[in-house]
Each structure stands twice: as structure tokens, then as C-alpha cells.
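Structure record follows, encoded as C-alpha cells.
Numbered from 1 within each chain, the chains take letters A, B, ... in sequence-line order.
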Amino acid sequence: MSDRALLGEEINKETESLYKKEKKLGEGTYAVVYLGQHVKTGRTVAIKKIKLGNMRSGLDMSAVREVKALRELQHPNVIELIDVFSHKTNLNLIVIKDKSLVALAHCHRSWILHRDLKPNNFLIASDGQLKLADFGLARDFGDISRNMTSQTVTRWYRAPELLFGAKNYTGAIDIWAMGCIFAELLLRAPYLPGDSDMGQLTTIFSALGTPTEAEWPGMTKLPDYCRPLNALFSAATQDVLDLMGQMLAFDPAKRITAEGALRHAYFTNSPRPTRPAKLPKPARTIAEDSEPRKRPLDDAFDNAEAPIAKRPVDLRISSPA
Amino acid sequence: MSILPSARKQDIPPYQGDDDVCPVCKSDRYLNHNMKLLVTPCYHKMCETCVERLFSMGPAPCPVCHQILRQSSFYEQIFEDLTVEKEVRIRKRIAMTFNKRQEDFKTLNAFNDYLEMVEDITFNLLNDVDVQETEEKIGRYKRENRDLIYKNISKQQREEKLQHLISEQERTKRLQQREEYRRQLMDEEREKKMAKDSVIDALASSDKDAKEIVQTKMVQLKRSSLRHRDASKRSKFDVSALLGDLDENSDEENSGDEDMEGTFDPTESPYAPIHISMKQTYIDPNPAFRHPALTAAGMSREIHQRYLLEGAMSGLFAPPL
Amino acid sequence: MSDKRELFEQSSQFRHWRYTPSSLSALRAANNQQGIARVRQSLLAESSLDGNSARTAEAENNMLTPADELGLINYYLQKIRDYATVYKFNSTVKATAITFMKRFYLHNVVFDYPPKGIMLACLYLATKVENSFVKIDDFTKPLARTKVTNSDVLDYEFVVTQSLQFDLAVHHPYRPAYGFFLDMQTYVEDITVLQKTYELAQKYIDQAVFTDLVFYYQPAQIALGAIKLAAVETRCDVDQYLTSQFDARALESLYPILDNVQEEIRKYQPVSMKEAQVIDRKLILCRNPEKNPSSSLYKSKNPEVPYVSDSDSD
């Protein structure tokens, strides 16, 4: 390396030369994912090519959010952004292809919200590790001086305070989404599929009952039918129901945090989720596939007591809704 | 005692030889039990009584070298050898003026040149060479470097205060640790005795198989000793510093597949927690919390204040590159 | 457990953007030298193109020194603050834009990219990064008088992001200062004194943002240094808070850092318009034609091409 720092463009070129693009893995509305290789080490990587400059206002906001968040988070269960380089009008993010709550706890500890949690955004790397991905809507929180958008998170996983137009919120919205995802794993179908923003509220209230002013100070009363959780989830154990109930608490101030959830009896009562290294590995590696591999989740949680849904998890890196 | 700064912490006992004889009045310790020999600025000795006799009316010439002296300029001898005494006094005096540090110089050479100059001055004063010229040099230096001298004096005072504080804190910490350890030992002893007693009681009172009883008791004991071990690990304890021969229990890495209470960190964070002590209430003129919508969305004063306090503690003691 | 890392160490600011005073000035000096060498080369190439060789001599007599470069950059940092005030952006946006520009010029030279153009790109990027997004038309509308166009801003947005190596999150002393304001309430009785100290400290932080302190120390350290400096005027006893709250051994290594922070803030001098104009005039003569869109060299190397959509063969 020369005795001066490389110029901005030179760094870019040098970084680009480190990677060799191979086959295409998948495609979304604003990004294409390729399989690639680090030229020197041979390490397999995924290259996410984001189309830039589609925005009239220059660099795409979600690209900005994603890059900003991923460059700041270093954790084994958060997808790692190793390198970024750009070529003409594209931005290429190098990423390596359990633990969802562990990853989320780390994000929240670092005062970053994910804001787009849904089953598609959890990837399983070839070593069995669960990785949280797609930070295109991520944002820092804690500073109350700026308003945030309430139009975030895919509707079915959107917390009630967002549906009520909250302008400044916390990690509780991610936890609500996680609660919905847990429920979905048990049901093998989306738990709260609303067909519109208003319909989403109705769906939530008919499933979980209407919150009272006492339960959730700051909310207005609505008369509605309250369906207890138990009837719907016959196969679930008490621990699961209790945890889900706490994750789907109406008042975000009363909603359990990621760390609290990790300490919940559901996770600490044996048997624990299997250590990732001991998980059965997929029969074929990513490199051998030309199509994204669908992989049943119960391969992963073989030893867990509670039955996990056999819903296939998409390995494609998706675009935010 | 004009020039010597007072030795605060350790008062060095003055040197008083057994065969001391006052050169002026020729009395010795046999005649005058409490005879104290004092030294002049011109490094001549005489006993306290002579000092009083000759100088209490005002300035008068030294009986040996006729230099004009005042009563206040006498001081107690610290070192047996008067030449050492002289050198120490001179160096102490010089150090109060010539107090530059290496960081005040751009290059190491410049610093070394400065040190050499100081040595030259010291040599001159010690050996009474060019005294007047040297004193002028000192005066000039003092005037030219007044600000820096003052700054470095405050730095030094602060460092001394800190050193004092450090040793204070360490002393109290050591005392506390010893107390804690002693208490722990006592608790363990008590428990062991209670356990033994309960085994005996159980054996005496129940009609179960003796082996069975002992076994259950052993399990209970093990569990409680595990609890103690964890408690002692959790209190930041450096017992080895006190005893020096404790074997190190390796921590979380060892959990393996066994269920060990208390060694499981659910968040599995590779990062150390940030310790903050929060007050019950802070005065925070920020008007944002007047709006109930903010708290209804889950953001509380506590969360916001924790966000701010963590910001203040992050990297506060990180050393620069 | 001492083998755990500290949370702040994961930030890109900590991992990629720390220097010592000597490594920083060495970097700027080396960049400057290389920049001058490139300018010479390009001038040669250009004069062989259009036969004008007088330009080369003029440039030689007006080459920017590292101090010149820094002076001009610092002047435009001040301009960022002025623009941010006009737009009513908050201090985080302003401080991020300033830090972006400072970082940009650790990997670039003024010869290639005059700060006037870079400044707006840094500000616009900062609005995106700090959740204060403004549509480009709304951004350039108030600047219509100065004839700034959308592309003037957007053309540089990308090279700025590249030069930052996509490290977009910047941590400033404002948040820790607020945290100290809360924490000190346990030890400082008089809340009005504390409040005055905090408000004055914020002004000192505004100054600190222009200095190289962001490359030497952590935001919390800069914040505390600013508070100590303010405390001198407001007569607030910060030392009592420090010795009561923190371990004395840790304070031992912290105090010199705080001294340096106060020193840097104290000796900060803004660059006057006159000084900047002098440097600007030199720059006109020694600017690198290779990167100057109005030079014949640039035009010969970058002919206008119709836009071609990307294919997978990229």
C-alpha cells in the first residue's frame, strides 16, 4: 500500500477487483443478488447489486439506510456487510450468506430499529447460523427530536401504535413483528393478515381483543369481541403462549423487550434450541444451486419441544414491501 | 521553611546524629537533651538555642561565613551529608521553575537540549560557578515561560491529588474485599454445618434408606454451592489477589450441553454491558414529553435518558491512537 | 468478563476514522504532494492537446500547499454551517455534513475537487443520513439566486459517498453532552449553573466540530472537554463530579485528553473570507484539468455518451 491513502475512486476500484461475480441467485424490485467469490481467499460471498439513481433525488434512501445500519452493526447474527463498492450506477453490497432475537437484541442495544421484520428477512447461512438481513428500512432511535414515519413495516407485522400513526417509537415495533412471526411459525400461515391499514386494526382486535385505557393509556375504547389465544393455538405450550402474549401486548411500554424475551422461560427451559454447529447441514451447498433453495425450518429446530411450523423459508433476499 | 515544599504524606524524620556538637556554642546532646541542629542557606550548622540567641533581634551575619541571615531562613537537616542536602535543595528549587515535560517539545532532541540546559544551570549553582549570571538566566526563563510553568504546576498538583485518591480508593477496596471474603467464608461454614445437622436429623427422624437421604442432601448441597460460586463470580472479586492460589474457574465457554444455572447469557452478546446508575428523576427541560402521544408510542423518559447516558459513557476512557 | 469488546468499538467511526495528529498531517502532506504531481502531469497532457504552455508556469507559481488546502476546506466547512442555519437543519445534520467533508479530503485533494462543489453534496447527503430528507428540488430552490442546479449537487453525491467508503453513521458530542448534563445533576446542586454550563458547552462543541478533534478522540471525551471549558466561565465544579463518579486510575489517563480537547477548542480560529479568496485565486490557476469539466483535457477524455442501461455483463 502506498504511503498515502488511496483516492476515493481508487479505493472503490480496488475493492471491486477483490470480488468475482458468478451466478445470479435471485432478484427483487430494487436489487439483484449474485453469488460471488473473494478472489484471493476464495471465500463465498453474496453480492447484492442495488440499482441506484432511480430516484430523482440521487442516492436511494433505502440504500442509504441499509448501508448506514449494516456498517455500524458487528454481530455474529447480523448479516455482515464486508465491503461496498460501486460500479457506474450500481451499489454492490458484499454480504455473507437462532438467533433472530439475539440479532434483534443487539440491534436495539445499538439503538437501531430494523422496521421490516418478516419471515423473508431471516436467512440461514451454510453453517447453520440464522442471520438477520435486509436493513433497507432501518433507522436509529432514542433521539426524540426527529419525527419518524409510521408507514413502515409490512402491514401484517405492523404494531398497533404504528397503525395509530405514532411519530416516535421504539424497538417495541420490532418485537410486535417478531410476535407475529412466532405465531405464523406455529400456525403455518400468517397470523394477522389485514387487507388494508384499517382492516389490519380490525384483524388485530378480533384476534387479541380490544385494549382498554388502563391496559394502554392513550388509546380510545372500541367495543369488540375478544377471542382468547388458547383456542387458536392448541398445539402450543404454555410458555409459548405466554411469551407471545407478552410480545403482542398492546401498550408498547408494556411489551417485552428482545432481551426480556431471551430470558423468558420458553428459551431457558430445556431442551434449548440446538447449537448452530450441530444443526443438520443442507444436503447441497448454495454454490451447487442455480435456484434459491427452499428449506423447511423444522430441519433447524429438530430438538425443540414445541413443534415448529413446516413453513418453507425463502432464501432469496427480498425487497422491502 | 521557605523553599522546600512540605512533604505531605510521609514526613521524613530529620537527621540528627548522636555525636552532634554545635560548632558555635560547642554544646552536645549530653548537655542539651533536645538539641536540634539547624542548617543555614550557606550550609552551616548551629543549634536552635544559638539561632535564637543570635537572630531573634533581626538579621545578623552567619558566625562562620558572615553572610547576612534571618531567623526564618534556617531549616532542619534531612540528609547526613550536607553536600547532598545542598544538591537536593537546589534541584528542588530548579524543578519548580524548570518543569517542562516531553510533550511540551516538538522533537525528542529539543527536549534533550532543554534537559542539558537545566543540568548546566544546576551544575553552576551547585559549584558556585557564575552564580550571578546563572541566577539572571533563571529569572529570564521564569519571565519568558510564566504561563507554561504555571500550567505544568497545576498539572502536577492534579496528578498528585489523583495519586492520593487512587491509593485511597485501592485501600478501601482491599478492605471491603477482605470483609466480604471473610463474611463469605463464615456463611459457607454455617451452611455446611446446617447441612450436616440436617442430614443427621433426617437420618434420625425418617425411616427412608440412609443412602437415599444422604444422596438427596448431597444434591441440595451441590446446588447451593453452585449458587455461591456464581454469586462470588458475579461480585467483582479478586480473591486471587488476596490468596494467590485459587484455581481459575473458566466461565461461559464451559457450559457445553449441560444445564448450568447462572452461566447462560441469553443475549450471547460479544459486547460488554454498559453500566449506568440512573437517578429516579432528572430535571430535563426538554418539552417533548409533554405530548402524551410520545409515551403512548412506547418512548419513555427512562428510555430516552438511558440513550443519553449511554452516549456519555461510551468510549469515555478509550485511549487515543 | 474482560474479553468482551466495548459496544462503541463496532462503529465505523471507531474502526476506520481515527488518527493521531502526526499521522493526520502526514496523510494530508502526502496527498498534497501526489495531487501536485498529478496536476503537473495533466497540465502537460493538456498543453500538448491545445498548445497552451503558459498555463503550466502559472500553475507552478501558484501551487497550493497543504496549509492552503486545509484553509480553503475549513472556510467551506464554515459555509456548511451557514447554509445549515439558512435551511434550519439541526446541529446533527450540520455536524455530519462537516465531518463528511473533512473525511472526504483525507482521500481526495482540493486540486481535483474544489470544496465549493463538494460542500453542497456533503450537506445533501447528510440530510438523508440524519433522517431529514429533503427532495432535491426543495433543496436547490433556496439556492436559485446562486444558480446552483440539481446536478451540481447530485453529480458529487456519489464520489463523496465512495470516498467515505460508505461509512455514513457519524457520532457527535451533542448526545453525550446531554447525557453528562443529566449525570452531573447527582453532584451539582445548583441546576441553573449546570444549565448555563451545558448551554455554553454546546457552543464549544459547535466549534469543536470544525477541528480535527473528531479524528483524535471519542465524542464523549470531546463533550466532557467542552463542558470543562464552559465550567471555567460558569464556575461549575466539574472536577468534583469526576472524582466522585469515576475511578481515579481511569481519570488519570482521561485528564490529559480533556486538556487537549480544551486546548484545541480554545485555539480554533475561523478562516476569513479574505484568506479564502487568496487561496481560491491560486486554485483557479492550479486546478487539475483532468477533473475539471470545463477544461479541454476533460472534454477529450469524457465525450458525451448516450445513457446505456446496465446489463448483467457489468
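- In this structure a side-chain-to-backbone donor-acceptor pair under 3.5 Å is missing from B/Lys279 to C/Asp183.
- Taking each heavy atom of B/Phe317 and C/Leu254 in turn, the nearest pair found is CE2-CD2, 3.6 Å.
- Closest of all the heavy-atom pairs between B/Gln169 and C/Phe246 is NE2-O, 4.0 Å.
- Under the 4.5 Å side-chain criterion, counting only non-hydrogen atoms from C-beta, B/Pro320 is in contact with C/Tyr217.
- Scanning residues 221-243 of chain C against chain B with a 4.5 Å heavy-atom cutoff picks out C/Gln221, C/Leu224, C/Lys228, C/Tyr241, C/Thr243, ordered by number.
- C/Ser253 does not touch chain B: none of its heavy atoms, backbone or side chain, sits under 4.5 Å away.
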Going through the distances and angles, do C/Glu252 and B/Arg158 end up as a salt bridge (Lys or Arg N to Asp or Glu O under 4.0 Å)?
CA-CA 9 Å; C/Glu252 227 186 336; B/Arg158 197 178 53 200; over 6 Å; no

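- Only the side chain of C/Asp259 comes within contact range of chain B, judged by heavy atoms closer than 4.5 Å.
- The nearest pair of heavy atoms linking B/Ser314 to C/Ala220 is O-CB, 3.5 Å.
- Proximity to chain C is limited to the side chain of B/Pro285, based on heavy atoms less than 4.5 angstrom apart.
- For the residue pair B/Pro319 and C/Arg18, the shortest heavy atom distance occurs at O-NH1, 3.5 Å.
- Proximity to chain C (any heavy atom under 4.5 Å) is restricted, for B/Pro270, to the backbone atoms N, CA, C and O.
- C/Leu7 touches chain B through backbone and side chain together, each having a heavy atom under 4.5 Å away.
- Contacts of C/Glu9 with chain B are absent, with no heavy-atom separation under 4.5 Å from either backbone or side chain.
- Interatomic distance, OG of B/Ser269 versus NZ of C/Lys4, reported as 5.5 Å (0.5 Å rounding).
- For the set B/Ile276, B/Leu165, B/Ile166, the entry with the most heavy-atom pairs within less than 4.5 Å of chain C is B/Ile166.
- For the atom pair B/Leu308 CG and C/Phe180 CZ, the distance stands at 11.5 Å (nearest 0.5 Å).
- Around OH of B/Tyr150, the count of heavy atoms belonging to other residues, nucleotides or ligands within 6.0 Å does not exceed 12.
- Of residues 167-177 of chain C, those residues lying under 4.5 Å from chain B by any heavy-atom pair are C/Arg175, C/Pro176.
- Taken from OH in C/Tyr19 to CG in B/Leu321, the straight-line distance is 10.0 Å, to the nearest 0.5 Å.
- To the nearest 0.5 angstrom, B/Tyr271 atom OH is 11.0 Å from C/Glu6 atom CD.
- The six-membered or imidazole ring of B/Tyr282 lies away from that of C/Phe181, with a centre-to-centre distance of 6.0 Å or more.
- At most 12 non-hydrogen atoms from other residues, nucleotides or ligands lie less than 6.0 angstrom from CD of C/Glu189.
- The number of heavy atoms from other shown groups lying within 6.0 Å of CZ (C/Arg15) is above 12.
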From CA spacing to verdict: side-chain contact (heavy atoms from CB on, under 4.5 Å), B/Leu316, C/Gln218:
CA-CA 7 Å; B/Leu316 185 57; C/Gln218 300 303 307; over 6 Å; no

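- In terms of modelled atom types and a separation under 3.5 Å, the side chain of B/Gln305 and the main chain of C/Leu182 share no donor-acceptor contact.
- If you measure heavy-atom distances from C/Ile191 to chain B, the contacts under 4.5 Å come from the side chain alone.
- Heavy-atom distances place the side chain of B/Glu170, and not its backbone, under 4.5 Å from chain C.
- C/Phe8 CZ to B/Met313 CE: the interatomic distance, rounded to the nearest 0.5 Å, is 13.0 Å.
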